[in-house]
Protein chains: 2
Amino acid sequence: MIKDLPPNTVERLSLYRRRLLNYPNEDKLYIHSHKLAHLLKINPAHIRRDLMLIGFTGDVHKGYNIQNLIDKIGKAIDCKHTQKVAFIGIGDLGRAVADHFNQKETKLKIAATFRTSKPPKTQFQEVTCYHISDMKKVLIKENIELVVLAVPRSYAKAISGEIIRTKVKGILNFTSVHLNVPDRIFVEDYDVIAKLEKLSFFTNTA
Amino acid sequence: MIKDLPPNTVERLSLYRRRLLNYPNEDKLYIHSHKLAHLLKINPAHIRRDLMLIGFTGDVHKGYNIQNLIDKIGKAIDCKHTQKVAFIGIGDLGRAVADHFNQKETKLKIAATFRTSKPPKTQFQEVTCYHISDMKKVLIKENIELVVLAVPRSYAKAISGEIIRTKVKGILNFTSVHLNVPDRIFVEDYDVIAKLEKLSFFTNTA
DNA sequence: TTCTTGCTGTTAATCAATTCACAATTGCTT
DNA sequence: AAGCAATTGTGAATTGATTAACAGCAAGAA
Ligand SMILES: NC(=O)c1ccc[n+]([C@@H]2O[C@H](COP(=O)([O-])OP(=O)(O)OC[C@H]3O[C@@H](n4cnc5c(N)ncnc54)[C@H](O)[C@@H]3O)[C@@H](O)[C@H]2O)c1
Ligand SMILES: NC(=O)c1ccc[n+]([C@@H]2O[C@H](COP(=O)([O-])OP(=O)(O)OC[C@H]3O[C@@H](n4cnc5c(N)ncnc54)[C@H](O)[C@@H]3O)[C@@H](O)[C@H]2O)c1
C-alpha cells in the first residue's frame with residue numbers, strides 16, 4: 001500500500017482496475033494510455049500520471065501490461081488483510097449495492113447485513129443477516145471495519161452513535177443525514193438528489 | 001439561473017437547501033454560516049463564499065434568513081421549466097433512488113420509468129411504467145431531459161445509443177459502463193465499488 | 001456614549017487536481 | 001543506417017477548490 005496517494009487517484013485506480021479486469025476477454029495483453037483513457041473518457045495524461053504515482057512503468061511501444069498493472073494497482077490500494085464490510089439496512093438500496101458488489105472482483109468482503117424485520121438465515125451466498133439490535137455486538141466480534149449505511153434517515157443518528165463504539169473506520173453514508181462521528185472515522189456521503197440537481201443545472205446553462 | 005457557478009458549489013447549494021427545508025421545523029427563521037456549516041460538516045467560509053456567488057446576503061447579526069435563502073438557491077440553480085426525469089431500469093436500485101427522490105422537495109419531476117418485464121399500470125403516484133421497447137418514443141414525446149440509468153451493464157451501451165437520438169441532455173449513470181455519447185449530453189457516473197475501495201485505502205493509511 | 005463581541009462579505013493565500021507540452025525512447029520503414 | 005512515428009514519463013502551467021484572515025459593521029453591555 002502506497003502512502004500519500006491523492007484521493008481522486010485512488011478512486012481512479014479502482015476504476016482502471018475494474019475496467020481492465022474485463023479487458024483480457026478482449027484478447028489483448030497490453031493497453032495504451034490513450035486507449036484506456038478513451039474507455040473511461042478521461043485525459044491520457046491523467047492515467048500516465050496516476051501510474052507514475054504508483055511507480056508503474058509501461059513499454060514505450062506496447063503500452064502497459066494489463067495483468068501486471070492490475071497486480072500493481074492491488075499492491076498500491078488494497079489493504080493487506082481482507083477488510084470486512086457490513087450493510088446496515090438491507091432494503092432496496094442496500095440490496096442493490098450488495099448485489100452489485102458481490103458481482104465484482106474486489107478484496108473487500110461482505111461479512112454481515114443488518115435489518116429490523118425478522119431476518120432470513122442467509123442472503124448473498126454465505127453472508128449472515130442479523131437483527132439490527134445485534135449490530136454493535138456483531139460489528140465488534142467480526143472485526144468489521146467498513147459499513148454501508150442505508151437505513152431510513154430517522155435512524156441514522158442513533159445508529160451512527162452505536163457505530164462509533166466499534167472498530168469501524170469508514171462509513172459509506174446514503175442517508176442524507178450528516179453524521180457526527182469522531183475524526184478517526186472516514187465518512188463518504190452520497191446523495192442522488194444533489195447529483196441530479198447538478199445535472200439539471202449544467203444541462204441548462206453550459 | 002446563474003451562469004458560471006462552479007460544479008461543487010451547485011452541488012452544495014442543493015445540499016444547503018435540502019438541509020434548510022428541514023430546519024424551520026426546528027423553529028428558527030435565521031441561521032448562521034457556522035451553524036449550517038456544522039450541520040453539514042464543512043467550513044463556514046465555504047458557505048459564505050457560495051452564497052456570495054449567488055448574490056445572497058445575510059444580516060451581520062441574525063445571519064441568513066432561511067426562507068429567503070431557500071428561494072434564492074432555487075433562483076440560482078433551478079431550471080425555469082420543470083425538467084422531467086425518467087428512470088431507465090427500475091429494479092432494486094432504480095426503485096430505491098426513485099423512492100428517495102419522491103420523498104424530497106425538488107423541482108424535478110419523475111415522468112416515466114422503463115423496464116423489460118411486463119409493467120404494472122403505475123408506480124410511484126402518477127408515474128407510468130413503460131416497456132423498454134417504447135423508450136425512445138416516450139422520451140421524445142414526453143420531452144424528457146434527464147435520465148437515471150440503472151439497467152444491467154450489458155444493456156447500457158445499446159440503450160445509450162438510443163438515448164442520444166432523443167432530447168435527453170443529462171444521464172446519471174450507475175451501470176459502471178462508460179457511455180459513448182456526444183458532448184452535448186452530460187454524464188455523471190457513480191460507482192460504489194470505487195468509493196468503498198477509496199474508503200478502504202484511507203482507513204488504512206491516513 | 002463607548003467598548004466589546006461576534007458576525008458577514010471578500011480578498012488573498014493555500015492546496016489539490018488536471019492538462020499541456022515535450023524530451024527521451026525505440027520499433028518500424030525505407 | 002537513418003529517418004519517421006508513436007508512445008511513455010514528467011516538469012511546468014493552468015485551472016479549480018478550499019481555507020484563512022480580517023475589515024467593517026451593528027447590537028448590546030457597561
Ligand atoms: N443518498 C442517496 O443517494 C439515496 C438513494 C436512495 C435511497 N437513499 C436512502 O437510503 C435509505 C434506504 O433506502 P431503501 O430504499 O433501501 O429503504 P427500504 O425501506 O427499502 O429499506 C430500509 C432498510 O433499513 C432497515 N431499517 C428500518 N428501520 C430500521 C431501524 N430502526 N434500525 C435499523 N435498520 C432499520 C430495514 O430493515 C431495511 O433493511 C433511505 O433513508 C433512503 O432515503 C439514499
Ligand atoms: N454504480 C453503482 O454504484 C451501482 C450500485 C448498485 C447497482 N448498480 C448497477 O445498477 C444496475 C441495476 O441494478 P439493480 O440491482 O437495480 O438490478 P435489477 O436486476 O434489480 O434491475 C434491473 C432493471 O433493469 C431492467 N432491465 C433488464 N434488462 C433490460 C434490458 N435489456 N433493457 C432495459 N432494461 C432492462 C429490468 O427490468 C429492471 O428494471 C446493475 O447494472 C447494477 O450492477 C450500480
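Numbered from 1 within each chain, the chains take letters A, B, ... in sequence-line order.
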Decide, yes or no, whether a salt bridge links [X] with [Y] under the criterion of side-chain N to carboxylate O below 4.0 Å.
{"X": "A:Glu11", "Y": "B:Lys195", "result": "yes"}
{"X": "B:Lys41", "Y": "A:Asp189", "result": "no"}
{"X": "A:Arg17", "Y": "A:Asp78", "result": "yes"}
{"X": "A:Asp92", "Y": "A:Arg95", "result": "yes"}

Nearest whole Å is fine: how far is [N] [atom2] from [X] [atom1]?
{"X": "A:Lys41", "N": "C:dT19", "atom1": "NZ", "atom2": "C1'", "value": "18 Å"}
{"X": "B:Leu36", "N": "C:dT8", "atom1": "CG", "atom2": "C1'", "value": "14 Å"}
{"X": "A:His32", "N": "D:dA6", "atom1": "NE2", "atom2": "C1'", "value": "8 Å"}
{"X": "A:Ile47", "N": "D:dT7", "atom1": "CD1", "atom2": "P", "value": "13 Å"}
{"X": "A:Phe56", "N": "D:dG9", "atom1": "CZ", "atom2": "P", "value": "9 Å"}
{"X": "A:Met52", "N": "C:dA17", "atom1": "CE", "atom2": "P", "value": "14 Å"}
{"X": "A:Asn65", "N": "D:dT8", "atom1": "CG", "atom2": "C1'", "value": "15 Å"}
{"X": "B:His34", "N": "C:dC7", "atom1": "NE2", "atom2": "C1'", "value": "9 Å"}

I want to check one thing: is the phosphate of C:dT8, taken as OP1 and OP2, less than 4.0 Å away from some side-chain N or O of B:Tyr30?
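Answer is no, no contact under 4.0 Å.
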*Any luck finding a side-chain donor-acceptor pair between A:Gln103 and A:Asp99 under 3.5 Å?*
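Their side chains do not contain a donor-acceptor pair, so the 3.5 Å distance test is not met.
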Return a table of donor-acceptor pairs under 3.5 angstrom between the side chains of residues 147-164 of chain B and protein atoms on other chains or two or more places apart.
from, atom 1, to, atom 2, distance (Å)
B:Ser160, OG, B:Ala156, O, 3.4
B:Ser160, OG, B:Lys157, O, 2.9

Readout for nucleotides 19-30 of chain D: B = base within 4.0 Å of protein heavy atom, S = sugar-phosphate only, - = neither; 5' to 3' it is BBB--BBBS---
For A:Lys167, does the NZ atom have more than 12 heavy-atom neighbours from other residues, nucleotides or ligands under 6.0 Å away?
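More than 12 heavy atoms, drawn from other residues, nucleotides or ligands, come within 6.0 Å of this atom.
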Short side-chain to backbone donor-acceptor contact, A:Asn68 and A:Lys72, under 3.5 Å =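 Here the side-chain-to-backbone pair does not exist.
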**Q.** Nucleic acid contacts - residues 4-18 of chain A versus DNA chain D, non-hydrogen atoms under 4.0 Å
**A.**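 Those residues: none at all.
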Determine the interplanar angle of the A:Phe202 and B:Phe186 rings, folded into 0 to 90°, and report it as parallel if under 30°, tilted if 30 to 60°, perpendicular if over 60°.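 Aromatic pair A:Phe202/B:Phe186 classed parallel.
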